[in-house]
Asks: 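Would you mind keeping the following structure in view while I ask a few things?
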Amino acid sequence: MPLHIQPSIFHTYPDFRCGVIVAKGIENTKEKIDLPWDAMQQELVKHFDSYEAPSRHPHILAWRQAYKTFGTDPQKYRCSVEALVRRTLKGEPPMHINALVDIYNYISLKYVVPIGGEDLDAVQGAIVLDQAKGDEPFIRLGGEENEPPDPGEVVYKDELGVLCRRWNWREADRTKLTESTRNAILEIETLGGYDATRLQAALDECTKLIQEHCGGEVHVQVLDKEQATAVC
């Protein structure tokens with residue numbers, strides 16, 4: 001199945017890049033894995049010390065500006081990495097979920113990038129990043145009620161509904177990564193002139209950690225306005 005980014009996304013956000021990691025045949029243990037959280041948190045605090053607030057960091061500010069373009073208040077709905085950063089700076093590290101989620105939360109914080117992930121076996125048809133029609137079904141992670149997106153909202157979706165609302169705000173319960181996940185896709189997203197070599201470093205480190213802790217076969221591709229489709 002493909003992951004495809006619609007041309008309208010690049011028309012509005014021409015510098016958007018999406019690093020795609022496809023991991024197949026993995027063992028996604030629920031046991032806590034050994035990651036250097038303390039060192040990363042110390043570096044994060046030091047890094048953000050020069051900014052008036054997390055929202056002023058250029059990698060977060062770019063997402064706040066993007067949210068406004070499709071009618072979302074970024075103060076009320078924060079992109080995933082801003083939410084992670086704010087909690088971490090308060091001394092609240094991300095909750096342990098499973099190996100794959102722990103790895104991508106660690107990489108998200110270290111490189112200040114939003115990262116999402118889906119269980120490929122729960123996806124129906126192609127994954128598409130597009131502007132929502134507004135009638136697509138969505139049940140958030142841990143939720144039970146249908147909360148369809150607003151028309152024009154940037155979402156990931158498949159044939160059955162939305163996989164992630166407000167671009168990278170909240171993921172769907174249907175395709176969440178669990179300890180039973182054997183085949184997964186991760187999306188590492190950048191805007192605002194984020195350095196391409198830094199994105200590649202995030203992809204490389206994330207891939208290395210997945211192979212070390214989850215095994216399987218891992219493939220990486222970077223999507224941009226020149227190459228908008230990845231094969232999953």
Side-chain angles (χ1 to χ4, degrees), residues 1-5 18-33 35 37 63 72 77-85 87-88 92-109 113-130 132 136-149 153-189 202-203 206-207 209-211 213-219 230 232:
M1 68 181 69
L3 183 154
H4 179 69
I5 302 171
C18 183
V20 179
I21 299 175
V22 176
K24 294 190 174 182
I26 62 173
E27 292 292 332
N28 191 28
T29 175
K30 194 170 178 59
E31 296 180 6
K32 197 167 185 178
I33 61 177
L35 293 170
W37 287 105
W63 287 106
T72 289
Y77 303 102
R78 291 174 175 144
C79 72
S80 63
V81 68
E82 181 177 357
L84 279 175
V85 165
R87 287 200 297 269
T88 304
E92 304 171 11
M95 182 185 302
H96 163 63
I97 305 296
N98 54 58
L100 205 50
V101 175
D102 292 356
I103 287 168
Y104 84 58
N105 280 336
Y106 172 82
I107 295 296
S108 179
L109 284 165
V113 285
I115 304 179
E118 286 79 44
D119 186 321
L120 281 172
D121 295 321
V123 173
Q124 185 69 40
I127 300 172
V128 181
L129 182 64
D130 197 3
E136 300 94 335
F138 173 79
I139 297 177
R140 71 168 70 187
L141 189 65
E144 297 180 354
E145 297 181 2
N146 182 32
E147 302 174 76
E153 182 182 312
V154 177
V155 299
Y156 283 95
K157 59 183 179 179
D158 67 0
E159 292 178 1
L160 298 182
V162 171
L163 306 178
C164 190
R165 278 200 61 184
R166 298 185 175 94
W167 208 328
N168 43 39
W169 168 70
R170 190 76 80 241
E171 293 182 301
D173 195 74
R174 172 170 59 90
T175 53
K176 66 186 176 186
L177 299 170
T178 72
E179 63 270 25
S180 299
T181 298
R182 295 295 172 262
N183 303 296
I185 183 170
L186 304 183
E187 304 92 13
I188 302 182
E189 304 168 314
L203 287 164
C206 192
T207 297
L209 289 172
I210 292 171
Q211 291 175 324
H213 296 286
C214 304
E217 295 184 7
V218 183
H219 302 281
C232 306

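We use all heavy atoms of the structure for the numbers below, so side chains are in, but hydrogens, waters and symmetry mates are not.
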Asks: Can you tell me how far the CG atom of Leu163 sits from the OG1 atom of Thr175, to the nearest 0.5 Å?
Replies: 4.5 Å
Asks: Closest approach of Ile188 and Cys206, non-hydrogen atoms and distance?
Replies: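 In terms of heavy atoms, the two residues are closest at CD1-CB, 4.5 Å.
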Asks: Answer whether the closest heavy-atom distance between the side chains of Ile5 and Cys18 falls below 4.5 Å.
Replies: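 Contact flag for Ile5/Cys18 side chains = yes.
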Asks: Please report the closest heavy-atom contact between Asp102 and Met95, naming both atoms and the distance.
Replies: OD1-O, 4.0 Å
Asks: Could you measure the distance from the NZ atom of Lys30 to the CG atom of Leu100? Nearest 0.5 Å is fine.
Replies: 13.0 Å
Asks: So, Arg140 side chain and Arg165 main chain: donor-acceptor pair closer than 3.5 Å or not?
Replies: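 No, Arg140 side chain to Arg165 backbone: no donor-acceptor pair under 3.5 Å.
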Asks: What are the two closest non-hydrogen atoms of Leu177 and Asn98, and how far apart are they?
Replies: O-ND2, 3.0 Å
Asks: For the pair Ile115 and Val113, evaluate side chain to side chain contact (heavy atoms under 4.5 Å, CB included) and give the outcome as yes or no after the intermediate values.
Replies: CA-CA 6 Å; Ile115 304 179; Val113 285; 4.1 Å; yes
Asks: When rounded to the nearest 0.5 angstrom, what distance separates OG in Ser108 from CD in Glu82?
Replies: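 Ser108 OG to Glu82 CD: 11.5 Å, rounded to 0.5 Å.
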Asks: Less than 4.5 Å apart, any side-chain heavy atom of Val154 and any of Asp130?
Replies: no
Asks: Is there a salt bridge (charged side-chain N to carboxylate O under 4.0 Å, His left out) between Glu118 and Arg174 once you walk through the steps?
Replies: CA-CA 9 Å; Glu118 286 79 44; Arg174 172 170 59 90; over 6 Å; no
Asks: Might you point out which heavy atoms bring Asn183 and Gly25 nearest each other, and give the distance in Å?
Replies: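 Closest pair (atom of Asn183, atom of Gly25, distance): OD1-N, 3.1 Å.
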Asks: Flag the pair Glu171 / Cys164 as yes when at least one side-chain heavy-atom distance between them is below 4.5 Å, and no otherwise.
Replies: yes
Asks: For Glu136 and Lys157, run salt bridge (charged side-chain N to carboxylate O under 4.0 Å, His left out): C-alpha distance rounded to whole Å, both residues' side-chain angles, the deciding distance at 0.1 Å, then the answer.
Replies: CA-CA 8 Å; Glu136 300 94 335; Lys157 59 183 179 179; 3.0 Å; yes
Asks: At their closest point, which heavy atom of Trp63 faces which heavy atom of Cys79, and how far apart are they?
Replies: CB-SG, 3.9 Å
Asks: Which atoms form the tightest heavy-atom contact between Arg166 and Val155, and what is the distance?
Replies: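 Shortest heavy-atom separation between Arg166 and Val155 comes out as N-CG1, 4.2 Å.
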Asks: Please round to the nearest 0.5 Å and tell me the distance separating atom CD of Glu145 and atom CZ of Phe138.
Replies: 12.5 Å
Asks: Do we see a donor-acceptor contact under 3.5 Å between the side chains of Asp119 and Thr181?
Replies: yes
Asks: Drop me the distance from Arg170's CZ to Glu147's CD, to the nearest 0.5 angstrom.
Replies: 9.0 Å
Asks: So does Pro114 get a backbone contact from the side chain of Ser80, meaning a donor-acceptor N/O pair under 3.5 Å?
Replies: no
Asks: With a 4.5 Å heavy-atom cut-off, do Leu3 and Glu187 have their side chains touching?
Replies: yes
Asks: What I'd like to find out is whether the side chain of Asn28 reaches to under 4.5 Å of the side chain of Thr178, using heavy atoms alone.
Replies: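 They are not in contact (no side-chain heavy atoms under 4.5 Å apart), so the answer is no.
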Asks: Looking at side-chain heavy atoms only, is the closest gap between Val128 and Asp158 below 4.5 Å?
Replies: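 No - every pair of side-chain heavy atoms lies 4.5 Å or more apart.
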Asks: Roughly how far apart are Asn105 CG and Arg87 CZ, rounded to 0.5 Å?
Replies: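 Output value for this atom pair is 8.0 Å.
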Asks: Any side-chain heavy atom of Ile21 within less than 4.5 Å of one from His219?
Replies: no
Asks: So, Lys32 side chain and Ile97 main chain: donor-acceptor pair closer than 3.5 Å or not?
Replies: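 Pair absent, no side-chain N/O of Lys32 close to backbone of Ile97.
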Asks: Taking side chain as C-beta onward, heavy atoms only, is Val81 less than 4.5 Å from Asn168?
Replies: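 The answer is no, as the side chains (C-beta and beyond) never meet within the 4.5 Å cut-off.
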Asks: Distance alone, cut at 3.5 Å: any donor-acceptor contact between the side chains of Trp167 and Glu189?
Replies: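 Side-chain D/A pair, Trp167 to Glu189: present.
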